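Reading through the structure tokens given below for one structure.
Counting starts at 1 for both ligands and their atoms, in listed order. Just so you know, these numbers come straight off a predicted model, no measurement behind them.
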Amino acid sequence: MNILGLESIVFGVEDMVTASRFWEDFGLTKASEGPDRIVFETQEKGTIVIRPKDADDLPAAPVEGSTAHEYIWGLKTQTEVDAIGAELATDRDVRTDNDGTVHSVDDAGYAIGFTVSKRIAVTVDAPDINIPGIAGRVDKRAKIYKKAEPVHLSHMVLLTPNLEENRDFYVNRLGFVVTDCYPGRGYFFRAAGSSEHHNLFLLKGGDDKGFHHIAFELRDIHELFGGGTYMGEKGWTTHLGPGRHPISSCYFWYFKNPCGGAAEYDFDSDHVTDDWTPKDWESTPASFAEWTLAEGILSYETIQTGKV
Ligand SMILES: [Fe+2]
């Protein structure tokens, strides 16, 4: 069960045009487009798939309106994919596509899938920064970003009323590793084949179920600011940010997503190994964000011209 990470999320949406415009502005590349399916990809070729909400073959989602309908995890080989399918078939329905993708549900009823990963290795130039005593960038101007180009589909967050049961499912059945915890409130998990702090966060929100947000890794902090201000200028609404999480250490900026929930830009998340020590965190505003702005920021040009 060496799951590598998130491969794809399938959204069912009420407005394909608005959804498509959102992901283009967010910085994903449109890989294909048809009347009932548009596929966007990160630089690594992780994908966001948008489908009409009333498409017959969409798996069920726990909430009405535009939302995520299926979460696909990537593995290295078809043998590994098939092994997960065989194990899940011991107590639930499993269906295998013509392309070998296995579809089933988790213990909270979310539609999940497993496929051979099509992600490609992307070589990103290391951020060349200057710190006291170490000149990382010499005779060279730093990059200014007009727009983000997300590299990597990093994690998602789901609400679950049965937190402990669903934790057991992801740990015992799919091999996920708990990396941090809000006792009684939420678990952060990395997939066994990933070194990211988390690929999945399960959050107990009372009796609520549903998709909360999806996050994308960027190259550097300048891209987070450049991409975020571009989104604001295109009319998209900040959910929260920019800011910084103590848990996973990353900078964040969340935007309200017309496909449901939010979409997050991330930079500088922790990478961990089996030597990482999980911590029980108190569920407080301070553990969620060291600091944050509530409603985004504007570029200086926008402030000067008054055009928002
Ligand atoms: Fe996140």
Side-chain angles (χ1 to χ4, degrees), residues 3 5-9 11 22-23 26-28 42 44 46 48 67-68 71-73 108 110 148 150-160 163 166-167 170 176-182 185-191 194-205 208-221 223-225 227-228 231 236-272 276 278-279 281 283-296:
I3 293 170
L6 266 176
E7 185 75 12
S8 183
I9 294 192
F11 289 92
F22 177 83
W23 291 115
F26 197 78
L28 301 188
T42 64
E44 282 184 348
I48 295 294
T67 190
Y71 311 93
I72 311 285
W73 297 98
Y110 289 108
V151 179
H152 173 68
L153 184 49
S154 67
H155 69 256
M156 65 169 178
V157 177
L158 303 177
L159 299 176
T160 176
L163 182 63
N166 225 22
R167 170 205 178 276
Y170 279 94
F176 280 71
V177 179
V178 173
T179 52
D180 270 318
C181 171
Y182 287 119
R185 174 109 170 99
Y187 287 102
F188 295 86
F189 305 87
R190 69 174 172 86
S194 167
S195 65
E196 293 169 89
H197 177 273
H198 59 285
N199 307 102
L200 172 67
F201 177 54
L202 294 179
L203 174 64
K204 185 174 172 65
D208 288 345
K209 281 171 71 173
F211 167 75
H212 190 276
H213 73 262
I214 180 171
F216 298 81
E217 288 287 336
L218 304 178
R219 173 179 176 265
D220 62 27
I221 189 66
E223 185 174 20
L224 185 134
F225 287 124
M231 287 291 282
W236 303 109
T237 305
T238 290
H239 170 68
L240 191 70
R244 185 173 180 236
H245 288 307
I247 301 177
S248 84
S249 310
C250 71
Y251 294 89
F252 65 79
W253 194 338
Y254 299 88
F255 285 88
K256 292 180 180 173
N257 180 355
C259 299
E264 176 186 4
Y265 287 136
D266 259 17
F267 166 64
D268 196 22
S269 295
D270 293 329
H271 272 250
V272 305
W276 173 260
K279 174 178 168 179
W281 292 77
S283 183
T284 64
S287 69
F288 174 74
E290 175 196 20
W291 60 270
T292 186
L293 300 184
E295 296 177 346

Open item on the list: Measuring centre to centre across the rings, with the benzene-like ring taken for any Trp, is Trp253 within less than 6.0 Å of Phe255?
Closed with: yes
Task: Centroid-centroid distance, His245 to Phe288, less than 6.0 Å - done: yes
TODO: Could you tell me whether Tyr265 and Phe26 have their ring centroids closer than 6.0 angstrom?
DONE: yes
Task: Aromatic ring proximity Trp281/Phe188, centre distance under 6.0 Å - done: no
- [ ] Examine all N, O or S atoms of His198, backbone included, and report whether one is under 2.8 Å from the Fe ion (ligand 1).
- [x] no
Open item on the list: For N/O/S atoms only: which one belongs to Glu264 and is nearest the Fe ion (ligand 1)?
Closed with: OE1
- [ ] For the Fe ion (ligand 1), find the closest N/O/S atom on His155 and give its atom name.
- [x] NE2
Open item on the list: Under 2.8 Å from the Fe ion (ligand 1) - does any N, O or S atom of Asp266 fall there?
Closed with: no
